[in-house]
Each structure stands twice: as C-alpha cells, then as structure tokens.
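Report on the following structure.
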Number of protein chains: 2
Amino acid sequence: MRAKKEIGEDATEPSDAGPLNGLDADSRQDPLFVNSLGKGLAVLQAFGSDWDALGLREIAQRTGLNTSAAQRFTHTLTQLGFLRKDERTRRYRLGPRMLNFAYSYLRANPLYDVAIPIVISVRDEWQETVNVSVLDDTDAVVAIRMPSQRRINSNTAIGRRMPAYCVSTGRAVLAWLPPEQRKAVLDRTDFVRLTPRTTIDRATLEACLDQVRIDGFAMVEEEADLGEMAVAAPIFDGERKPIAALGITTSTAYWTMEDAREKLGPIVMQAATAISRSLQGWHAF
Amino acid sequence: MRAKKEIGEDATEPSDAGPLNGLDADSRQDPLFVNSLGKGLAVLQAFGSDWDALGLREIAQRTGLNTSAAQRFTHTLTQLGFLRKDERTRRYRLGPRMLNFAYSYLRANPLYDVAIPIVISVRDEWQETVNVSVLDDTDAVVAIRMPSQRRINSNTAIGRRMPAYCVSTGRAVLAWLPPEQRKAVLDRTDFVRLTPRTTIDRATLEACLDQVRIDGFAMVEEEADLGEMAVAAPIFDGERKPIAALGITTSTAYWTMEDAREKLGPIVMQAATAISRSLQGWHAF
DNA sequence: ACAGCTTTATCGTAATGCGATAGCTTTGTA
DNA sequence: TACAAAGCTATCGCATTACGATAAAGCTGT
C-alpha cells in the first residue's frame, strides 16, 4: 500500500486511485510540496474584500476544504494571530498581523526606501495620485501609493493586483523586458476586456509596447477603470532589469491625453530615473 | 465508521496498528493545531528587514527547522509564489505576493475606506505625517500612513508594530479600553526602555492614560524614537470600542509640546471623531 | 585542484493531519 | 416557547503526509 501512486505504475493496486480528488492540482506529484501549508494559505486567501466576517462553513466552501480541515486551519491561524474570531458570532476575520507581511516585504526591498521621498514630492507638486508598482509575473502589484486629494480611488490600496497589459505601470515594465521574457509573459497572460477601451489584441498591444519604448513612458486611458488615465515610466535595478514603474494616475476630467503626454510624461520619466539611479548595485530577481 | 474505504479496499492490512499512545514527548498539546502551517508561516516571518536574500541554511537557522524541513517549506512557498528564488545564488526573498495579504486586510476593513480621505486632508493641510494604527493585543500596528515631505522616516511603513504603551496611537486606544481590558493588556506588556524618555513604570503610565482620557488625545515625546513627537486620538467602532487611533507624527525640531497640544490636539480629535462617526454599524473584534 | 560548505534529491518510517461522526450551540420559524 | 435546521466543536482510528538522515551534486575560495 505504500506505492504512493507513481503515475500509471500501480498495476498491482486494485484500480482505486481515481477518486482521491486532490483539490490542489499541485499536490499530486511533488514530494517536496507541503500540502498543509498550501491549504492554510488558501484559507487566508479566502478572505476577499467582503466586509463581513466568514463562518467556518463559508471558509470551507471557498477553499474547497471539508469542515474538519477548515476547522483545523482556522484554529491554527487564530492561534498564530493571523485570524481573529468573534466568540459570539463564531465568525472569522483577518487580523492586523496580516500587515506584518507587507512590512517585511517593503522593508526588505530598497525600492521602498528609495522611492518614497520621490513619490511624495511628485505627488505634492502635482497634486495627483502617484504610485509604484512592481511586476509579478503577469500582474502589476501596487507597492507604494500616495493618493491625491481630488481623486481618491479607495478601492486601490497597497497590494492591489492588476493585469500588467492594461495598466500604465505594467506596460512600462513589459516594454523594457527582454523580448523573450516579454513574449513569455504575454503568452501566459489572459487577455480580458475590463472596460470597452481595453486593448485585448496581442498584436496591438505589442505595437503599443514598442511605442512605449520610443516614448520613454507608457500612457493608458480608461483601459482598466473608466474615467481614469495614467502615465508611467520604468524603474530598473542595478542590472538594468525593469522591475517596477512609477505612475501618475489621474482623471480624464482633468487632463487631456495631449497635456498629460507633454507634462506628466517627462515627470514620471525623471522620477523613475532618479529611483533607478539609487538602485545601482541592487539585483532583483 | 470505516469510511475512507472507498479508496482501495485493503482488508489485507494486518491491523497491527502502531501504538500511537503515549510518546507525546514535546509535541504540542493542541490536537487541532496544524504544525506544518505554523512552520511554513515561521519561514515567511524569518525574512526580516535585511536587504540581502536568505540561503536555505540561514532560513533553517532562523526558524529552528532542520535543513530538510526548510527545504520543503521554501519549496512550497516558492511554488505558491510567496517566495522568489534566485536560481544563480540559490537564495530566497519575499515576493510581491506578500502584499496580497495587506490588500485583503485593508479592503475587508471599513476603517481603511473611511479614514483615507480624512488622513489625506489632515496631512495636506498641516504638512505633517499622519497615520492610523490599530491595536493588536499589546501592539499598535500602522495601517495607514501618509508621510509628510519634511519628515520621512522610511523605516516606518504599513505594518510596523510598536509596543502600544510608548506610542501615541497605542496610548490613545489603551486609554479608552474598559478598565479590565486595559489591565489585561498591560499585564501582558513587556515594558522596555526604547529611549531614555520612555515611560516604563506601570503606575506612571496608568496615570498618563487617565490624563489622556481627560484631554481627549494622547501626546508622546521622544518615548519611542528620539527627535519625534506625536499626538493621537482614538477611533471607535459602532459599539464604542476603541479599535484604532489617528495620529500626527512630527519632529521636536518644529513643534513645542505646548503648541502641539494646543493646535494638533484638536485636529486629531476632530479627525478621529469624524472617522468614528462613519464607523457606526461596524462591529470590530 | 582540492577541501569545505551549502543545496538538492532520495527514501524508509511513524507521526501528523485527515475526515467521518456525534454532540452541542445558535438561528430561524411557527 | 418549542421545534427544526444549520453551523460549530470535540473526538478518534487510520493511512497519508511530512519527517529527517543521508548521499549526491554544486558552489566557493585558497
């Protein structure tokens, strides 16, 4: 009975195998993969943006775990302080300890220290929302965000993930990726039309990225959120790898494309360049 | 009973069964606690604020795991995208996915949406660093931070944790906790002298908290960081439980205590009150 | 090139997590 | 108020899963 189902090798086994219905595709044939850890993290990720707390049953449903497993994992996470439990309603919420991870990430990354003062001064000078996003595979993830007074899109916060192809910061990084990497990322990308103006045609996008390289910065108008436009320029690490981008997000109500191109383009380029300069000697991966 | 037999009906098993009794040794008393999850999260938390990536051996050392375990957990976390591995140096770093957790936490909490516009307007009007911290047991954890231009303490970022007793936001919350809760928290607190001016005497602190209640806000000067002073007022949930505080942090070079008390005190009180007002109907736990 | 150290791969073992189930608490409805 | 339904908690035997020792393979530096 040991056997461990080595894929198609179990002629001796009485044809059971089948309905093990492993919930996680990755669990099956990777002997180094610790399933319990994956499940536990899945529980944490089950907490979406809902304002109400989750009951055990709902957590189980969202993660695909059975009640017993959900019970064990919520219990463990509560003990460790990552979840909080309302003893009265018996529901769970994420605890402030979840912020620890962001802190560790930001502090362990020179990008944060270097970019913060620059982001702030650009924001204050132009009174527009400024952010720095890093590329994570096919997504652009907001790492720093300083909202302006007039346009506070509060559904954006640190950690927000958007498909790179349709946001300015994402495109700024994509444009400077080595060709084969750009191709690889776009191959993995799932092109979805987020607004009527989203570019979902691969060829169009590639042409756009080429133009971005010529311009030195990326511009996007209403391709991710209606009413928003953004301008972004790439940030490079010490090996000239594009790892992030600094972007200004504003409203189509305040700027025309032409104005933005003319005025904000040079601003983001300069700011991003200043950050890259301070990142000499840093190797990201 | 005996379910689980759907898979591979093996009656052949001689039912020897191991005596799993006894032998608890030092294993955890808690049968619901999933050790693997705890260890995996310990690995994530092993990444401190160092800028250099960690090798397997160092991770093992920091977490107290042996090499094999560290290997499994780093592997798993890398697969899941939480760690990144430099294939050349074979070292690990936290990946941007770590920011997901912060995003979920912030978005799932009405405090964030409500506080952001207020924090921004206070910051812009006074040109001082404004933040909102939530109480997590004995710690105050920064949840929102808008640094001013003139004082950018970049070693503070979202998620920074400070002992509640020595920071203004922490004291503002402690002061309004119900007496028995305040006592319980302080009982658990480890009083450490962070600067020469830190209050570490319990009685002095309690008197200070009582005064905070009278004043309506907390003031702290150089008790956590030299050269810094801060003023903070409590934020309440719908059940009038103090859950967080809004604070202004500034430099002793710009303000005297008297000026700050007179001018900033009312500001933070008003801002915090406005936030609390919008939090009616919200029950935190 | 060799020695020392770190990382990767392998594998037998038993401890750990699994999941069914029964008892208990809360919520909803008449 | 009582009853039913749903959700949560506690328990337990079993086998799957994680454990950790070890050997092989890669680096690093003298």
Side-chain angles (χ1 to χ4, degrees), chain A residues 1-6 10 13 16-17 19-24 26-40 43 53-61 63-76 78-79 83 85-92, chain B residues 1-40 43 53-61 63-76 78 83 85-92:
Chain A
M1 61 184 330
R2 25 192 32 276
K4 177 71 138 231
K5 71 206 60 146
E6 280 299 357
D10 47 9
E13 257 341 62
D16 57 284
L20 187 32
N21 76 0
L23 351 126
D24 291 344
D26 21 10
S27 66
R28 234 158 290 128
Q29 49 178 330
D30 186 347
L32 284 181
F33 192 91
V34 180
N35 279 292
S36 305
L37 177 52
K39 291 179 193 168
V43 168
L54 265 51
L56 196 55
R57 188 187 139 68
E58 188 156 13
I59 293 171
Q61 260 176 345
T63 53
L65 299 169
N66 66 26
T67 315
S68 294
Q71 181 186 19
R72 279 193 299 275
F73 290 115
T74 52
H75 174 81
T76 304
T78 306
Q79 292 288 79
L83 289 184
K85 179 179 185 179
D86 185 351
E87 287 301 341
R88 204 174 50 73
T89 64
R90 291 139 160 233
R91 293 230 186 85
Y92 297 87
Chain B
M1 56 176 67
R2 300 232 119 256
K4 163 87 77 161
K5 274 311 166 191
E6 285 117 48
I7 313 167
E9 201 58 55
D10 47 329
T12 61
E13 191 61 327
S15 81
D16 58 75
L20 58 99
N21 54 3
L23 188 63
D24 314 297
D26 57 357
S27 77
R28 202 176 273 262
Q29 305 283 63
D30 187 345
L32 284 181
F33 191 91
V34 181
N35 280 291
S36 306
L37 177 51
K39 292 178 192 168
V43 168
L54 264 52
L56 195 56
R57 186 186 143 67
E58 188 155 15
I59 293 172
Q61 259 176 347
T63 53
L65 299 170
N66 66 27
T67 315
S68 294
Q71 179 186 21
R72 280 192 298 275
F73 290 115
T74 52
H75 174 82
T76 305
T78 305
L83 290 184
K85 179 179 184 180
D86 184 351
E87 287 300 342
R88 205 172 49 74
T89 65
R90 292 140 160 230
R91 293 231 186 84
Y92 297 86

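Per chain, numbering begins at 1; letters A, B, ... match sequence-line order.
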For [X], which residues count as a side-chain hydrogen bond (donor to acceptor under 3.5 Å, both in side chains) partner, sequence neighbours excluded?
{"X": "A/Glu58", "result": "A/Arg62"}
{"X": "B/Asp86", "result": "A/His283, B/Thr89"}
{"X": "A/Thr67", "result": "none"}
{"X": "A/Ser68", "result": "none"}

Phosphate OP1/OP2 of D/dT16: any A/Asn35 side-chain N/O under 4.0 Å: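 No, A/Asn35 has no side-chain N/O under 4.0 Å of OP1/OP2 on D/dT16.
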
Phosphate OP1/OP2 of D/dA18 contacted by B/Lys39 side-chain N/O (<4.0 Å): no

Donor-acceptor contact present, side-chain B/Ser36 to main-chain A/Ser36, <3.5 Å: no

Measure from [atom1] on [X] to [atom2] on [N] and round the result to the nearest Å.
{"X": "A/Gln79", "N": "C/dG17", "atom1": "CD", "atom2": "P", "value": "14 Å"}
{"X": "A/His75", "N": "D/dT11", "atom1": "NE2", "atom2": "C1'", "value": "14 Å"}
{"X": "A/Asp30", "N": "C/dC11", "atom1": "CG", "atom2": "P", "value": "15 Å"}
{"X": "A/Leu37", "N": "D/dT16", "atom1": "CG", "atom2": "P", "value": "22 Å"}
{"X": "A/Leu54", "N": "D/dG7", "atom1": "CG", "atom2": "C1'", "value": "14 Å"}
{"X": "A/Gln61", "N": "D/dG7", "atom1": "CD", "atom2": "C1'", "value": "12 Å"}
{"X": "A/Arg91", "N": "D/dA6", "atom1": "CZ", "atom2": "C1'", "value": "12 Å"}
{"X": "A/Asp86", "N": "D/dC8", "atom1": "CG", "atom2": "P", "value": "12 Å"}

Could you pull out the protein-nucleic contacts involving nucleotides 28-30 of chain D (nitrogen or oxygen on both sides, under 3.5 Å)?
none

With B/Ala60 via side chain to side chain contact (heavy atoms under 4.5 Å, CB included) - residues at least two apart: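 Checked B/Ala60 against side chain to side chain contact (heavy atoms under 4.5 Å, CB included); matches are B/Ala70.
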
A/Ala69 to A/Leu65 - nearest heavy-atom pair and separation: CB-CB, 3.9 Å

Closest heavy-atom pair and its distance - A/Arg90, A/Lys85: CA-CE, 4.3 Å

Minimum-distance nucleotide to A/Asn66 side chain [options: D/dG20, C/dG19, C/dT7]: C/dG19

Proximal nucleotide (of C/dT7, D/dA18, C/dG17) relative to the B/Val34 side chain: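 Looking only at side-chain atoms, B/Val34 lies closest to C/dG17.
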
Every protein N/O lying under 3.5 Å from an N/O of nucleotides 8-10 of chain C:
residue	atom	partner	partner atom	Å
C/dT8	OP1	B/Lys85	NZ	2.5
C/dA9	N7	B/Gln71	NE2	2.9

